[in-house]
Amino acid sequence: MELQESFRVEDASGFPVSYVYFAGDEQRRSATRRMSRDEARRIAIRIAALPDVQIAMMELENERDSALAALAGKKH
């Protein structure tokens, strides 16, 4: 969700888990050491995608473990 000079990343229940701040003009960005709006947006999107990546990795690990267990069972 875009707010004034920040993006708020929320979990599935709407609880805010992160704020990514930006500044509109270059002088303010320099003085506050904030990102541009586009940079902040890209980072917010990546933060929001982390749970999906973690779920996908867990599913792959479970598939791998099942395959390894099946192979180990065939050896005996």
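Values in this document were obtained by computation on a predicted structure and should not be read as measured data.
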Discussion item. Using the side-chain contact (heavy atoms from CB on, under 4.5 Å) criterion, which residues pair with Ser13? Sequence neighbours excluded.
Written reply: Asp11, Phe15
Item to complete: Using side-chain contact (heavy atoms from CB on, under 4.5 Å) as the criterion, list what pairs up with Ala23, not counting sequence neighbours.
Response: Arg28, Arg29, Thr32, Arg34
Worksheet item: Just wondering, do Arg8 and Val20 contact through their side chains at under 4.5 Å, heavy atoms?
Response: no
Counting only pairs under 3.5 Å, give me each side-chain donor-acceptor contact of residues 39-64, with atom names and distances, residues two or more places apart or in other chains.
{"unit_1": "Glu39", "atom_1": "OE1", "unit_2": "Ser36", "atom_2": "N", "d": "2.8"}
{"unit_1": "Glu39", "atom_1": "OE1", "unit_2": "Ser36", "atom_2": "OG", "d": "3.3"}
{"unit_1": "Asn62", "atom_1": "ND2", "unit_2": "Met58", "atom_2": "O", "d": "3.3"}

Fill in: Pairs meeting criterion ring pair (Phe, Tyr, Trp, His ring centres under 6.0 Å) with involvement of residues 36-69, two or more places apart
none
Fill in: Test side chain to side chain contact (heavy atoms under 4.5 Å, CB included) applied to Arg37 and Glu5, step by step
CA-CA 8 Å; Arg37 181 186 175 283; Glu5 295 199 342; over 6 Å; no
Discussion item. Which Ile, Leu, Val, Met, Phe, Trp or Tyr residues join Tyr21 in one cluster when any pair of side-chain heavy atoms under 4.5 Å counts as a link?
Written reply: Met1, Leu3, Tyr19
